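Note that the structure is a prediction, hence the values are computed from the model and not measured. Just so you know, these numbers use all the heavy atoms, side chains as well, and skip hydrogens, waters and symmetry mates. Every chain is numbered from 1 and lettered A, B, ... according to where its sequence line falls, protein lines coming before strand lines.
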Amino acid sequence: MTDLSSFANRASSVSIRDLSLSFGAVTVLENLNLDIRDGEFLVLLGSSGCGKSTLLNCIAGLLEPTDGQIFIKDRNVTWEEPKDRGIGMVFQSYALYPQMTVEKNLSFGLRVAGLAKDEIDRRVARAAGILQIEPLLNRKPAALSGGQRQRVAIGRALVRDVDVFLFDEPLSNLDAKLRSELRVEIKRLHQSLKNTMIYVTHDQIEALTLADRIAIMKSGVIQQLDDPMTIYNRPKNKFVAGFIGSPSMNFLKGELVDEGGHIAFRTNGVSFSLDGYQASEALAAGRKVILGLRPEHVKVDSDIGHGETHEAVVDIEEPMGADNLLWLKHAGHTLSVRIGGERRYAVGTKVRLGFDMSMASLFDAVSEERI
Amino acid sequence: MTDLSSFANRASSVSIRDLSLSFGAVTVLENLNLDIRDGEFLVLLGSSGCGKSTLLNCIAGLLEPTDGQIFIKDRNVTWEEPKDRGIGMVFQSYALYPQMTVEKNLSFGLRVAGLAKDEIDRRVARAAGILQIEPLLNRKPAALSGGQRQRVAIGRALVRDVDVFLFDEPLSNLDAKLRSELRVEIKRLHQSLKNTMIYVTHDQIEALTLADRIAIMKSGVIQQLDDPMTIYNRPKNKFVAGFIGSPSMNFLKGELVDEGGHIAFRTNGVSFSLDGYQASEALAAGRKVILGLRPEHVKVDSDIGHGETHEAVVDIEEPMGADNLLWLKHAGHTLSVRIGGERRYAVGTKVRLGFDMSMASLFDAVSEERI
Amino acid sequence: TDLEVTHWWTSGGEAAAVAELAKAFDATGNHWVDGAIAGSGGTARPIMISRITGGDPMGATQFNHGRQAEELVQSGLMRDLTDVAEKGKWKDVIKPQSLLASCTINGKIYCAPVNIHSWQWLWLSNEAFKKAGVEVPKNWNEFVAAGPALKKAGIQPLALGGQPWQANGLFDALVISVGGTDLYNKVYKDKDAKVAAGPDMAKIFEAADQARQLAKGSNVQDWNQATNLVLTGKAGGQIMGDWAQGEFQIANKKAGTDYTCLPGLGLNQTLTTGGDAFYFPLLKDAEKSKAQEVLAATIVDPKTQVAFNLKKGSVPIRGDVDLATANDCMKKGIAIIAKGGVATSTDQLISADTQKQKEDLMSEFFNTSISVKDAQKRFVSLIEAAD
Amino acid sequence: MAKSVAPGRPNQFLRNLNSKIACIPMMLTALVIFLGGTVWTVIYSFTNSKLLPRATFVGFDQYERLWAASRWIISIQNLAIYGVLCLIFSLLIGFVLAALMDQKIRFENTFRTIFLYPFALSFIVTGLVWQWVLNPEYGVQGVVRSLGWESFTFDPLYTPEIVIYGILIAGLWQGTGLVMCLMLAGLRGIDEDIWKAARVDGIPMWKTYIFIVIPMMRPVFITTLVLIASGIVKLYDLVVAQTSGGPGNASEVPAKYVYDYMFQAQNLGQGFAASTMMLLTVAIIVVPWAYLEFGGRKRV
Amino acid sequence: MSDTSTLNATTAGIDAMSPELKVRSSLNPGPRGRRPKRVLSRRNIFLYGILGLAALYYLLPLYVMVVTSLKGMPEIRLGNIFSPPVEITFEPWVKAWAQACTGLNCDGLSRGFWNSVRILVPSVVVSILVASVSGYALANWRFKGSELFFSILIVGAFIPYQVMIYPIVIILRELGIYGTLTGLVIVHTIFGMPILTLLFRNYFASLPEELFKAARIDGAGFWQIYGRIMLPMSLPIFVVAMILQVTGIWNDFLFGVVFTRPDTYPMTVQLNNIVNSVQGVKEYNVNMAATLLTGAVPLIVYFVSGRLFVRGIAAGAVKG
Ligand SMILES: Nc1ncnc2c1ncn2[C@@H]1O[C@H](COP(=O)(O)OP(=O)(O)OP(=O)(O)O)[C@@H](O)[C@H]1O
Ligand SMILES: Nc1ncnc2c1ncn2[C@@H]1O[C@H](COP(=O)(O)OP(=O)(O)OP(=O)(O)O)[C@@H](O)[C@H]1O
Ligand SMILES: [Mg+2]
Ligand SMILES: [Mg+2]
């Protein structure tokens with residue numbers, strides 16, 4: 001066989017070509033293409049049922065694609081067994097073997113593969129060392145806390161010395177505190193191992209903090225594949241914009257108007273200057289658009305630098321410690337605004353608002369694509 | 001038996017006196033006292049297994065206390081049936097009757113109580129109106145989304161015209177987006193109904209945003225009962241301080257030293273001036289203490305106003321959109337620092353730190369109580 | 001009045017005989033409600049006893065003569081028939097007297113005997129012997145001798161059903177017919193363990209061993225299936241009580257030409273007189289009680305006796321009936337009994353418990369290869385413990 | 001505020017009264033029938049009751065006789081053989097069938113119905129059918145012989161040494177369908193991710209079953225074990241219908257011994273002694289298990 | 001693998017989305033898409049082979065029963081049991097249903113059928129109701145000692161019926177209901193109790209506890225929660241219980257014969273009578289027809305609700 005694999009993207013570790021997958025009549029993925037770079041931490045982000053796990057299972061070889069190809073390290077693995085693909089996988093439910101001790105859990109695959117005893121011990125010891133689970137080696141999963149279990153599950157992928165790590169919502173079953181701790185650990189693990197990692201989640205904080213690049217999926221289609229900051233600040237369409245960020249971006253429906261030579265955005269009789277907005281195409285008056293503003297880009301009272309101001313009334317206040325979230329009534333919309341935790345407003349207070357248009361997003365009202 | 005009820009707090013809606021509860025040999029609650037004011041929104045916050053649900057079930061009458069008394073609206077209800085206590089309860093798993101339509105679900109309790117048909121209809125209509133679930137009245141729970149189910153579950157408490165609402169982690173089963181939406185709705189509901197509400201959660205964001213007062217529990221004991229801002233800014237002990245806030249408060253172990261007449265905090269050879277810290281007792285040099293600093297109270301580079309600065313190195317960066325979380329190595333500790341989302345640091349960058357001591361907390365190293 | 005009667009007569013000949021009883025009883029203006037329970041006495045008796053002790057008794061029920069109902073009577077659950085017996089002069093007409101004796105407890109009569117059955121019959125298929133080219137044997141010893149010839153002709157020499165009571169009956173038949181009446185009485189009546197352990201008994205066990213060889217391969221369960229083997233010439237012979245006669249009769253076979261019967265196995269002209277009797281549980285309903293009396297009388301009535309016993313193939317319980325229509329075999333039996341060649345049946349001599357243990361032993365003996373010595377040893381201890 | 005006097009704890013007996021009332025039939029059954037009946041049986045096993053229970057105590061006589069009876073010994077042996085093999089094969093066949101059914105096969109419903117329908121039939125019917133199928137003249141043996149293999153012998157019901165296996169064949173036929181169902185339910189209850197994890201680990205299918213899946217199915221195995229075991233102890237109808245204990249005593253079982261001696265031999269004492277021995281065996285096996293399963297775990 | 005991959009490489013997908021990708025992917029070697037599956041793969045032969053063999057073992061007796069019941073006696077004596085009937089006759093069925101004799105009664109199984117129905121309906125209803133209420137109480141309304149009673153009950157499941165007959169006879173006699181339908185219903189209820197209670201208890205315990213709590217807060221009491229909340233949710237387990245009881249009670253012989261009288265004998269007793277009343281030769285065809293007739297009711301019940309049975313088993317037996 002000639003070495004045709006050289007044509008695959010050299011720098012990529014996992015390449016997916018024209019991947020389609022149907023369950024009977026239901027098509028979950030269709031002609032999906034994705035290149036993941038060597039050593040990259042890629043997060044697949046999307047709401048429930050959009051096909052993230054399906055894609056990951058295809059890469060792992062647990063599902064057979066209906067069509068298309070999958071390359072790992074430039075090798076076509078479309079029809080290979082999971083164990084031969086050089087991948088390790090971590091599951092949301094941990095999927096530890098409940099009747100085996102942690103040590104057995106880690107080493108079972110290696111023993112089955114027939115590795116030498118001391119090689120197995122060496123690898124288990126290394127993984128246990130990295131994950132700091134040495135004291136747990138003789139316990140059974142039932143005697144572990146959720147976080148410890150998840151660590152063991154990661155260890156099981158670690159001992160196999162794989163090229164690519166696949167994570168399927170590994171932290172969803174943990175409580176918030178543990179989740180943020182383990183998140184840091186996974187990030188650290190990636191920094192030290194420098195493996196390629198593909199990480200499925202529907203938690204945007206995980207996606208933003210962990211990813212080198214995020215692929216946002218919606219019903220089997222990748223909407224945007226970019227680094228977190230680009231996704232956050234320059235979402236390609238309204239879906240991405242609304243999906244990322246908590247609380248959600250504020251969306252105002254309106255149209256473009258010409259105000260003394262300057263194009264401005266107008267809704268419910270109030271208009272916003274669009275000075276500072278960097279459009280990718282010329283803005284024509286009369287176009288129906290949607291203006292997106294993140295809560296932290298709406299400035300309140302003393303935060304306002306210069307430029308136009310609007311009036312609004314505090315509807316609800318949600319103090320969250322470090323931040324304080326205000327829900328304001330403004331021109332018939334409800335706007336969420338994030339301010340510092342120490343600044344408090346009573347319900348019903350009148351405030352002045354300023355908008356940072358350089359950080360706003362404008363979408364076409366019909367196609368919902370960024371303008 | 002003397003009339004203990006007269007000792008109950010006059011203005012209180014629910015009073016708990018010396019409540020103890022054991023399951024066999026395991027004592028979950030011991031001599032717990034709690035007064036909840038009329039119309040108050042009280043959140044019971046604590047980690048899993050600390051006894052929150054147990055306490056709530058005692059109040060509801062679903063568990064019999066081993067000892068102690070419970071008063072609702074100044075009536076001793078310790079031995080009364082749940083239905084006679086004037087309470088309504090909303091459960092984490094919604095607990096809707098699957099075979100009944102929404103309308104039947106709402107009216108079940110009223111029908112059991114034998115209310116007149118038109119009175120039932122009136123109350124159901126009112127509750128459905130408040131919660132905006134009129135279009136769903138004829139559906140079965142299986143045909144509802146998670147958020148809709150939770151709304152119906154609240155409605156079931158609403159129709160019963162009760163004095164006290166009990167919520168047991170009502171939002172835990174929902175995804176982040178829905179959770180933040182329903183959180184606002186519950187807050188709005190409380191603002192309009194002005195009922196007493198007792199709300200159990202282990203999500204600190206819910207606690208901080210919803211509560212009039214938060215009771216933080218640890219293994220059956222209430223650690224601190226205060227309004228959210230006091231809890232956040234002046235935690236009574238290290239447990240409370242660490243429990244609230246995400247990411248956690250940074251804790252530095254060290255001791256008090258006398259630096260030229262001023263008492264300072266010293267750890268690993270670095271010292272921090274304690275100017276601006278308001279201690280509740282005199283600070284004596286030599287005492288072993290723990291310094292707690294929230295991530296947003298550590299200032300980086302340009303944020304630093306005046307005062308002393310320290311050097312640190314960026315270890316991990318976690319961009320979260322609106323914020324950016326830095327994990328810094330400083331004097332042998334790892335510090336988490338929250339900065340604006342637009343400010344990015346590469347791993348390994350050297351930064352200068354400043355500390356806002358007026359917002360810090362000092363704890364005794366042994367008792368872990370706030371000093 | 002409706003009277004429910006339970007019994008375990010369900011084979012062809014038996015059912016026909018019961019029909020006669022029912023007819024006679026219905027003719028008195030009452031109604032026979034039939035409560036047949038198929039299987040055998042073993043299946044049916046527990047059910048009957050449960051019902052009687054459970055307080056839901058039937059009108060009348062079949063038991064074997066003997067000790068099966070002893071305790072029911074002692075617990076006062078059974079009805080005293082002394083009046084009926086006196087009226088019908090049972091004491092005079094019933095023969096042999098031992099039949100009535102076993103219905104009598106503490107001087108009171110509790111059952112109406114219906115027929116006499118004897119076990120000691122060897123039924124032979126003439127056709128089978130013809131096929132084997134041997135003459136039809138005249139006694140057990142000749143039969144044993146003819147065994148190999150039968151086998152060679154592909155014929156099962158001795159037919160024996162799998163139910164334990166059949167093996168047990170066969171053995172008892174050997175005891176009295178091969179060993180003689182004395183031996184029989186010493187062992188079963190006197191329960192003399194020494195005799196049971198003695199050489200005479202050893203001989204019986206040898207004979208049983210021979211029978212065991214001949215019976216190998218019968219592969220049937222029910223007695224009438226075994227009889228059927230003889231009837232169709234598939235087997236040479238069968239040791240079975242006189243009730244087998246009924247099967248031959250229903251199949252329209254002729255004694256002497258189609259088959260041969262050898263009472264006392266052709267050796268000892270003595271027959272045991274067991275048989276069936278009807279017991280009448282104590283009822284509260286007066287009308288039913290009266291019907292019970294009628295049934296008791298009907299059973300002993302000569303006309304019924306003839307009709308019933310002809311169909312059943314058994315001997316009537318009274319000597320004063322005319323059995324001209326009886327066939328050859330039955331006549332032989334009647335003649336022997338009339339001559340006084342009678343012995344009491346084992347049902348009357350030993351308890352059901354011992355009987356069951358004996359069945360277990362014989363069943364095991366005939367179906368495994370336990371040695372003659374071991375079997376006798378166990379037999380002895382069993383007789384020792386018998387009450 | 002009213003001077004409400006704190007009410008004391010209400011009467012403990014009245015607590016949960018409805019529940020207690022609802023449980024009366026169950027409590028009566030447990031106490032009067034099962035416990036009472038058992039105690040009664042044990043007590044009367046020390047008497048020489050014949051046709052009717054009589055309180056004349058004779059010590060351990062009945063037990064001595066019981067253990068001297070070769071039929072009882074045979075019964076025990078038979079039950080042991082049948083029990084062990086039935087357990088092993090039920091679980092084995094049931095599990096293998098369930099594992100095959102779990103492979104996303106076509107016609108799953110049809111196969112399941114086929115495997116399960118014998119369970120709807122009684123042991124009496126099962127016994128009759130298999131007696132017929134195993135009949136040496138008309139059944140399997142006869143058919144094979146008529147095909148030309150004259151010396152073929154397959155005659156379990158009339159061969160004392162192997163008759164118990166003939167009964168086993170019928171017993172398995174009747175019962176494995178249910179076991180298969182239980183196992184299938186158990187297999188379906190196993191987290192999909194476990195299978196995936198094992199595949200990623202490169203563990204072959206059969207090893208996954210043996211080392212991972214089966215140990216995870218412990219509760220199912222226990223339920224199944226209880227069902228099979230309680231059936232085995234009660235084995236009676238099948239034997240009666242198929243062989244009546246024959247040939248000879250070769251297929252006798254304890255339950256039949258009990259029945260025969262209680263009712264045919266009219267020796268209640270002996271029957272009670274035998275049933276007491278059976279109960280003792282059951283108690284030794286079941287009580288520790290029941291304690292572990294139901295006593296140890298509490299939930300509100 | 002390499003042979004298939006080269007084969008595929010020539011024809012591999014040309015229809016990718018972007019031109020840039022098209023260039024690349026058209027040159028990509030190796031297989032694509034779903035691995036071609038042969039219907040007769042070794043795995044499938046093994047899988048369906050074993051299942052087929054097993055199915056044969058399970059179906060054989062049924063086949064033999066049906067075939068035999070349609071043959072005449074002469075044919076049975078000559079032929080082998082597996083050959084299909086040369087001449088189909090329904091005579092045995094008619095005989096088994098309406099003519100077969102036991103003792104003097106020659107009305108076949110027909111009478112027993114209705115007796116069985118009369119016994120079945122109340123027994124099934126009562127035993128299921130009692131067991132479900134007990135299971136419900138044990139799962140949701142525990143009281144002191146409830147677990148102890150339950151443990152006794154479970155051990156009771158192991159007691160051979162024969163052992164219990166005598167005490168029950170005495171108890172029913174003392175209650176004065178021996179031989180009545182009530183008595184028999186009670187007996188069936190008693191012996192169905194252990195397994196049914198176990199099933200119901202496990203099932204109710206597996207329902208979310210919060211549902212029960214919600215109903216209590218709504219003011220519903222013990223019976224209201226049972227009737228209006230629990231019952232409507234318990235269809236699968238009721239189906240399981242129903243199938244178990246219908247088969248168990250319908251197939252019961254021992255209690256049917258001990259606790260009834262001849263005019264109310266259930267079908268199984270009559271079956272036993274017909275099969276064991278050998279009059280001359282065993283009429284195997286009639287026996288088989290009678291057997292099939294007797295088994296028909298549970299078989300139909302099973303076939304109709306078999307799917308629910310499996311679901312219910314999963315819910316009631318596996319958890320707990
Ligand atoms: N075996 C299957 N048969 C049929 N449809 C399936 C199957 N597995 C998944 N699906 C469907 O495919 C779609 C994608 O499922 P997938 O599990 O990949 O979603 P997901 O993005 O991982 O969601 P989640 O966040 O809930 O895990 C869903 O609509 C699901 O219903
Ligand atoms: N029925 C019971 N029997 C024994 N222990 C129990 C029982 N119910 C609860 N517990 C124990 O009581 C403690 C408190 O339980 P509780 O359910 O009140 O915790 P929680 O604070 O609500 O936790 P979570 O956040 O997980 O709901 C736990 O340690 C638990 O194990
Ligand atoms: Mg998924
Ligand atoms: Mg809880």
> Is there a donor-acceptor pair closer than 3.5 Å between any side-chain N or O of N251(E) and the backbone N or O of T247(E)?
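Side chain of N251(E) to backbone of T247(E): a pair is present.
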> At a 4.5 Å cut-off on heavy atoms, which part of Y57(E) comes close to chain D: side chain, backbone, both, or neither?
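Y57(E) touches chain D through backbone and side-chain heavy atoms alike.
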> I'd like to know if the side chain of Q103(D) reaches the main chain of A99(D), judged simply by a donor and an acceptor atom lying under 3.5 Å from each other, with no hydrogens or angles considered.
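Answer holds: yes.
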> Under a 4.5 Å heavy-atom cutoff, which of I168(E), I190(E), I170(E) has the most pairs with chain D?
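So the answer, after comparing I168(E), I190(E), I170(E), is I190(E).
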> Any chance the rings of W141(E) and F212(E) have centres within less than 6.0 Å?
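Ring centroids of W141(E) and F212(E) are less than 6.0 Å from each other.
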> Side chain from CB out, backbone as N, CA, C, O: work out which of these in I232(D) comes under 4.5 Å of a heavy atom of chain E, or both, or neither.
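When you check distances to chain E, no heavy atom of I232(D) falls under 4.5 Å.
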> Taking the six-membered ring for Trp, are the ring centroids of Y259(D) and Y236(D) within less than 6.0 Å of each other?
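Y259(D) vs Y236(D): aromatic centres under 6.0 Å.
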> At a 4.5 Å cut-off on heavy atoms, which part of P118(D) comes close to chain E: side chain, backbone, both, or neither?
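P118(D) touches chain E through side-chain heavy atoms alone.
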> Where does I195(E) contact chain D at under 4.5 Å (heavy atoms): side chain, backbone, both or neither?
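When you check distances to chain D, only side chain atoms of I195(E) fall under 4.5 Å.
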> To the closest 0.5 Å, what do you measure between CD1 (I169(D)) and CG (L134(D))?
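Going from CD1 on I169(D) over to CG on L134(D), the span is 6.0 Å.
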> Which one of I50(E), V64(E), L59(E) has the most heavy-atom pairs closer than 4.5 Å to chain D?
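With the most close heavy-atom pairs to chain D, the winner is L59(E).
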> Can you tell me if N285(E) uses its side chain to pair, donor with acceptor, with the backbone of K71(E) under 3.5 Å?
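Between the backbone of K71(E) and the side chain of N285(E) there is a qualifying donor-acceptor contact (under 3.5 Å).
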> Would T113(D) and Y302(E) satisfy side-chain hydrogen bond (donor to acceptor under 3.5 Å, both in side chains), going step by step from the backbone distance to the final call?
CA-CA 9 Å; T113(D) 308; Y302(E) 169 72; 4.6 Å; no
> Can you tell me which portion of Y226(E) sits under 4.5 Å from chain D's heavy atoms? Options are side chain, backbone, both or neither.
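Looking at Y226(E), nothing touches chain D.
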> With chain D as the partner, which of G156(E), A131(E), A137(E) has the greatest number of non-hydrogen pairs under 4.5 Å?
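Top count of heavy-atom pairs under 4.5 Å with chain D: G156(E).
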> Who wins among Y136(E), F309(E), W250(E) for the most heavy-atom pairs under 4.5 Å with chain D?
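Among the listed options, the one with the most contacts to chain D is F309(E).
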> Which atoms of I171(E) come close to chain D, meaning under 4.5 Å heavy atom to heavy atom: side chain ones, backbone ones, both, or neither?
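Just the side chain, heavy atoms under 4.5 Å.
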> Chain D heavy atoms under 4.5 Å from T68(E): which part of the residue, side chain, backbone, both or neither?
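Side chain of T68(E) only, per the 4.5 Å heavy-atom cut-off to chain D.
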> Between A55(E) and F115(D), which heavy-atom pair has the shortest distance, and what is it?
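For A55(E) and F115(D), the tightest heavy-atom pair comes out as N-CE2, 3.6 Å.
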> Could you tell me which of V130(E), V133(E), I152(E), L51(E) has the largest number of non-hydrogen atom pairs under 4.5 Å with chain D?
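Looking at each option in turn, the highest pair count goes to L51(E).
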> Say whether, by atom type as modelled, one donor and one acceptor occur between the side chain of T224(D) and the main chain of V179(D) under 3.5 angstrom.
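No, because the side chain of T224(D) does not come within donor-acceptor range (under 3.5 Å) of the backbone of V179(D).
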> Picking from W223(E), F46(E), F253(E), which has the most non-hydrogen pairs under 4.5 angstrom with chain D?
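Among W223(E), F46(E), F253(E), the one with the most close pairs to chain D is W223(E).
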> Pick one of side chain, backbone, both or neither for L244(E), based on which atoms fall under 4.5 Å of a heavy atom in chain D.
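Only the side chain of L244(E) comes within 4.5 Å of chain D.
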